[in-house]
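Computed from a predicted structure; not experimentally measured. Naming convention: chains lettered A, B, ... in sequence-line order (proteins, then strands); numbering from 1 in each chain.
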There are 2 protein chains.
Amino acid sequence: MQQAKIYEQVVDRIRDLLESGELHPGDKLPPERKLAELFKVSRSSLREAIRALQESGVLESRRGDGTYISLPVGSDLLAPFAEVLTQQRVRLWQFFQFRIAIEPQIARLAAQERTDGHLEALHHLLDMQEREVIADEKNGFADLHFHQLIAMATGNPLFVDLVTRAEAKLAETRNESLQSEERMQRSLLAHKEIYSTIAGRDQDGAENAMRTHLQQIEKLVFCDRE
Amino acid sequence: MQQAKIYEQVVDRIRDLLESGELHPGDKLPPERKLAELFKVSRSSLREAIRALQESGVLESRRGDGTYISLPVGSDLLAPFAEVLTQQRVRLWQFFQFRIAIEPQIARLAAQERTDGHLEALHHLLDMQEREVIADEKNGFADLHFHQLIAMATGNPLFVDLVTRAEAKLAETRNESLQSEERMQRSLLAHKEIYSTIAGRDQDGAENAMRTHLQQIEKLVFCDRE
DNA sequence: CTTCGGATATTGGTCGGACCATAGTGTACA
DNA sequence: TGTACACTATGGTCCGACCAATATCCGAAG
């Protein structure tokens with residue numbers, strides 16, 4: 001029963017080195033062969049880790065030269081804090097903090113800008129979610145898209161993009177406490193509440209309802225474990 | 001003679017298959033060994049391509065089972081609004097709407113989470129901005145980074161990333177009304193106000209000060225023309 | 001002494017093959 | 001009929017070799 005794949009472990013170890021300050025942006029990494037030996041893994045696994053880190057913009061390989069830690073964007077002025085920018089893993093709680101700061105404002109705007117078309121789409125989605133709950137399907141499909149539809153109701157593609165990325169990232173770390181039957185019913189209720197405030201163009205109500213909804217989820221996620 | 005690396009070619013070919021509709025979200029890919037043979041590459045290179053695509057959320061591998069195309073956004077439910085996501089052009093006012101919704105919340109969090117180190121950096125930046133105003137330099141360097149520093153004070157890299165992207169995008173369309181001497185003085189004053197609220201850990205004050213600041217800028221940009 | 005050019009070493013990129021670990025499938029037995 | 005086992009397919013890991021681009025060093029030319 002081996003859970004973590006080797007290359008994932010390597011990714012983590014390299015990120016750790018960055019956060020602990022043992023490696024700095026611009027540094028040149030040891031050659032792959034030495035790194036592999038150092039980490040006690042095959043060069044193949046090490047390379048897959050490098051590919052992953054490269055794809056997320058942390059590393060940069062130059063054939064015949066070496067592998068470097070990417071320089072963060074921005075100027076020297078930001079240097080003291082700059083490492084936060086590119087590398088540094090994003091924790092789960094940071095995502096929740098992010099959503100709780102952003103989405104209530106989106107809901108507020110949605111209440112202001114929504115059209116009847118958006119309302120209809122939301123209503124349709126709620127129906128679907130209700131059927132999911134009754135059938136006890138745990139795919140969470142409707143739940144996932146509710147927040148996207150709210151963002152669309154603002155009429156501003158920037159919000160849609162933002163929420164979409166957040167949802168996608170959050171889906172990676174989906175945990176079980178989000179899948180209990182009780183939680184799904186609570187979620188449905190909260191969504192209905194948010195829907196009605198937006199339908200009634202109640203901006204304050206929408207903002208508060210959304211914040212309450214997200215805080216409930218947060219509490220569930222962080223108190224449920226261990 | 002910079003030949004594209006093999007695994008990059010493979011990444012592109014797979015992305016092409018997705019966009020051309022020959023592969024759909026949820027589909028199961030052929031086994032790695034067959035795919036490698038099909039693409040005429042080694043399994044190692046194919047796997048590095050898969051790692052990269054996996055890191056960007058396109059693919060998903062399950063040991064003993066297969067590799068699947070992840071299904072984040074593209075459901076039929078969103079189809080009516082989907083154009084917004086991909087290629088609707090983002091208007092300038094949408095950026096302002098975005099910032100006015102987001103940054104006051106960031107300022108609020110900053111007032112809560114800031115350390116003395118952040119405060120010091122902010123103070124230093126304000127000094128620099130003051131010298132700019134006095135010297136009548138119009139580079140707007142300090143002005144640009146003020147909002148970034150605020151985001152850093154939240155301690156959450158997600159906000160930093162967000163603000164950085166927004167600033168970068170806005171810098172492209174920088175217009176002249178932002179460069180007048182009067183505006184720069186007003187901006188400096190507003191920044192000082194925001195600074196003092198954050199220094200005093202006044203969350204409501206910070207939120208309001210930031211909102212007022214942004215609304216002033218918005219007014220300037222949109223009333224100045226014609 | 002400086003500069004240029006080529007030989008050499010270093011390093012990432014690609015390859016093929018072997019074996020391991022796990023999830024899904026089918027089959028034989030109770 | 002149902003359960004447990006063996007088998008198979010598939011992703012994960014390792015090894016060792018060679019290729020290709022780049023850096024470095026060193027000697028010859030100016």
| note | Atom CD of A:E37 and atom C1' of D:dT13 are separated, to the nearest Å, by 17 Å
| In whole Å, what is the span from the CD atom of A:Q9 to the C1' atom of D:dG12? | 12 Å
| remark: note: B:D65, atom CG; D:dG12, atom P; distance rounded to Å ~ 11 Å
| request: Output the single nucleotide from D:dT22, C:dT14, D:dG12 whose closest atom is nearest the side chain of B:Y7. | output: C:dT14
| note | B:L35 atom CG is separated from C:dC15 atom P, nearest whole Å, by 14 Å
| message | Heavy atoms within less than 4.0 Å of DNA chain D: which residues of residues 39-48 of chain B have one? Give them sorted by number. | response | B:R43, B:R47
| field | For B:R62, all residues meeting side chain to side chain contact (heavy atoms under 4.5 Å, CB included), sequence neighbours excluded | value | B:E60, B:D65, B:Y68
| D:dG11 base to B:R33 side chain: any donor-acceptor pair below 3.5 Å? | yes
| task | Using the test side chain to side chain contact (heavy atoms under 4.5 Å, CB included), find all partners of B:A153 that sit at least two apart in sequence or belong to another chain. | result | B:A110, B:R114, B:H118
| task | Take atom CD of A:E60 and atom P of C:dT11, then tell me their distance rounded to the nearest Å. | result | 18 Å
| remark: Sequence neighbours excluded, the answer for side-chain hydrogen bond (donor to acceptor under 3.5 Å, both in side chains) partners of A:E193 is none
| For A:E113, which residues count as a side chain to side chain contact (heavy atoms under 4.5 Å, CB included) partner, sequence neighbours excluded? | A:L109, B:Q97
| task | Identify the heavy atoms of B:L149 and B:A121 that sit nearest to each other, and give their distance. | result | CD1-O, 3.8 Å
| request: Just jot down the side chain to side chain contact (heavy atoms under 4.5 Å, CB included) partners of A:S61, sequence neighbours excluded, or say none. | output: A:I50, A:R51, A:Q54, A:T67
| query | Should the ring pair A:H213 and A:H147 be called parallel, tilted or perpendicular, given that the plane angle runs from 0 to 90° and is split at 30 and 60? | reply | parallel
| Spacing between A:E32 atom CD and C:dC15 atom P, to the nearest angstrom | 15 Å
| request: Quickly work out the A:K28 NZ to C:dT11 P distance and round it to whole Å. | output: 7 Å
| OP1 or OP2 of D:dG12 sitting under 4.0 Å from any side-chain N/O of B:R51? | yes
| For B:K34 and D:dG11, what is the distance between atoms NZ and C1' respectively, to the nearest whole Å? | 15 Å
